[in-house]
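Notes follow the structure.
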Amino acid sequence: MAFKPANNIQDLQYFGEFGGVNPSISDSSTYTFLSAKTMFDTFEGNADGCYLYSRHSSPSNLYLGEALAAMEGTKTATVTASGMGAITPVLLQLCDAGEHIVSSRTIYGGTYAFLKNFTPRLGIETTFVDITKLDIVEAAITPKTKVLYCESVSNPLLEVADIKGLAKLAKTYNLKLVVDNTFSPLSISPIKLGADIVIHSLTKFINGSSDTVGGVVCGSQEFIDQLRNVNDGAAMLLGSTMDSLRSASVLKNLRTLHIRMQQHSYNASYLAEKFEANGLKTVYPGLTSHPSHHLFKSMMNEKYGFGGMLTIDVGSLDKANALMELMQERNLGYLAVSLGFYKTLFSAPGSSTSSEIPEDEQEAMGLSDGLIRFSIGLDADIERTYDMMLACMVELGIL
Ligand code: PLP
């Protein structure tokens with residue numbers, strides 16, 4: 001039977017304290033106990049249903065975590081203060097000094113910087129590979145490797161990871177496959193394809209209103225318990241806890257994700273086809289020209305489409321900047337990093353979100369100066385948006 005992630009979210013039933021249709025927000029950092037023994041048991045993790053201190057867990061965070069676990073098909077999940085606040089503890093939990101990670105080379109710049117510049121200080125080394133080539137991934141695995149790391153759809157090049165193939169490798173070599181699914185929520189369900197742990201930056205599509213940062217780790221009960229262990233859990237000890245007020249608001253936004261993703265995908269697909277037909281170098285997983293179009297198709301939950309992200313290459317950074325400024329002036333979107341907003345957002349990743357990647361490496365992975373990354377918005381009239389974008393391109397001599 002097909003996996004239905006949005007149904008899984010919708011089927012959860014929580015009531016607030018007074019019969020409210022939304023769960024009550026736990027507006028407390030600490031909780032009282034009637035007996036000192038129960039407090040001790042809770043600290044030891046042996047008093048189910050009791051709360052001690054909101055860095056450990058809070059009802060609001062657990063509600064959001066459960067909804068996201070249901071969406072991804074994991075036993076449980078833990079929510080964090082940001083996407084990086086999810087990624088960094090996961091990797092630090094899984095790897096000790098002297099161990100090794102094989103990572104896709106096209107990943108979010110912050111994750112790349114963490115693996116390239118930060119974890120080597122702790123004795124954890126990373127080999128960056130072209131994740132679309134399973135033979136290259138396999139060749140990079142050493143006896144010290146613990147983790148295969150990738151994004152389902154990579155930031156910013158929109159490369160697509162063969163999650164089933166990577167999961168097979170992970171099994172063979174006894175590694176954990178960690179997938180950042182930020183670009184393709186609902187469209188791709190990595191756990192169903194064999195991933196061990198799924199991470200999201202909730203900051204993006206899942207929250208969808210660009211009003212907060214947030215993150216989540218979805219995984220087995222055993223792994224999430226390890227992350228939250230008071231003695232040696234990386235999430236617990238590094239302290240990247242989400243605030244309860246925020247988790248309550250993210251949960252409310254999550255409930256409309258399925259509708260938003262369909263509209264993001266519809267609009268992005270419309271623009272990608274038009275841009276390509278006009279001779280622009282366009283990358284979108286929904287285009288048959290995308291090298292991994294069929295792979296994406298074989299993995300996707302069809303209803304949610306190929307996602308809201310696309311890139312075009314307009315030839316130079318100057319042209320890219322001029323186009324983005326003109327599009328913003330005409331209210332076609334905002335010149336801003338991030339993604340998943342109701343309004344289209346665009347940026348030139350080489351000089352912004354991927355600027356942590358050195359220029360020569362950007363070149364090697366095909367991240368060119370003239371690349372513009374679009375997070376396509378929820379425009380009600382995408383035909384009109386397209387006409388106006390086209391006019392900007394013609395005016396600037398790009399087309
Ligand atoms: N993963 C991906 C794919 C991202 O694009 C980002 C941020 O842009 C992150 C993780 C980091 O998330 P956050 O900014 O919420 O820490």
Side-chain angles (χ1 to χ4, degrees), residues 64 68 72 77-92 101 103-116 118-119 128 131 147 149-161 163 178-188 190 195 197-218 234-235 238-243 246-247 249-250 253-254 261 264 283 285 307-311 334-341 345-357 365 367 371-376:
L64 177 61
L68 290 161
E72 288 296 359
T78 193
V79 294
T80 54
S82 69
M84 287 308 290
I87 293 165
T88 54
V90 164
L91 295 172
L92 294 177
I101 295 168
S103 169
S104 167
R105 63 183 183 177
T106 66
I107 49 174
Y108 166 58
T111 313
Y112 179 89
F114 179 66
L115 292 174
K116 175 98 176 174
F118 195 98
T119 50
F128 294 97
I131 203 76
V147 171
Y149 185 88
C150 68
E151 294 171 1
S152 324
V153 178
S154 78
N155 183 359
L157 294 180
L158 310 183
E159 288 180 347
V160 178
I163 298 172
V178 181
V179 179
D180 177 340
N181 199 26
T182 300
F183 273 35
S184 45
L186 297 180
S187 295
I188 295 180
I197 295 159
V198 174
I199 292 172
H200 284 276
S201 164
L202 302 178
T203 316
K204 314 294 161 44
F205 290 104
I206 290 181
N207 185 51
S209 49
S210 291
D211 57 359
T212 186
V213 286
V216 69
V217 183
C218 304
L238 296 172
S240 61
T241 311
M242 180 178 273
D243 182 74
R246 273 306 181 193
S247 48
S249 74
V250 176
N253 289 350
L254 173 67
M261 284 318 296
H264 284 300
V283 175
M309 303 302 294
L310 66 87
T311 67
Y334 297 147
L335 204 181
V337 299
S338 202
L339 40 132
F341 198 36
L345 302 179
F346 29 78
S347 56
S351 54
S352 59
T353 49
S354 297
S355 58
E356 296 91 338
I357 303 172
M365 64 176 71
L367 207 175
L371 196 80
I372 303 178
R373 184 189 78 176
F374 285 78
S375 163
I376 304 299

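Just the heavy atoms: all of them, side chains too, but no hydrogens, waters or symmetry mates, feed the values below. When a ligand or atom number is given, it counts from 1 through the structure's own listing order.
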Give me the pairs of N or O atoms, one from ligand 1 and one from the protein, that sit under 3.5 Å apart.
| from | atom 1 | to | atom 2 | distance (Å) |
| --- | --- | --- | --- | --- |
| ligand 1 | 1 (N) | D180 | OD2 | 2.6 |
| ligand 1 | 5 (O) | N155 | ND2 | 2.9 |
| ligand 1 | 8 (O) | K204 | NZ | 2.6 |
| ligand 1 | 12 (O) | S201 | OG | 3.1 |
| ligand 1 | 15 (O) | G83 | N | 2.8 |
| ligand 1 | 15 (O) | S201 | OG | 2.8 |
| ligand 1 | 15 (O) | T203 | OG1 | 2.6 |
| ligand 1 | 16 (O) | G83 | N | 3.0 |
| ligand 1 | 16 (O) | M84 | N | 2.8 |

>> What verdict does the side-chain contact (heavy atoms from CB on, under 4.5 Å) test give for T106 and I357, after you've listed the backbone C-alpha separation in whole Å, the side-chain angles of each residue and the deciding distance to 0.1 Å?
In response: CA-CA 9 Å; T106 66; I357 303 172; over 6 Å; no
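- Looking at N155 and R373, their side chains do bring a donor and an acceptor atom within 3.5 Å of each other.
- The backbone N or O of V217 sits nowhere less than 3.5 Å from a side-chain atom of T78 that would complete a donor-acceptor pair.
- When each of S352, P349, S347 is tested with P156 by the rule side-chain contact (heavy atoms from CB on, under 4.5 Å), just one qualifies, namely P349.
- Using cut-offs of 30° and 60° for the angle between ring planes, the F341 and Y334 rings count as tilted.
- Looking at S355, its side chain never comes within 3.5 Å of a backbone N or O of G350 through a donor-acceptor pair.
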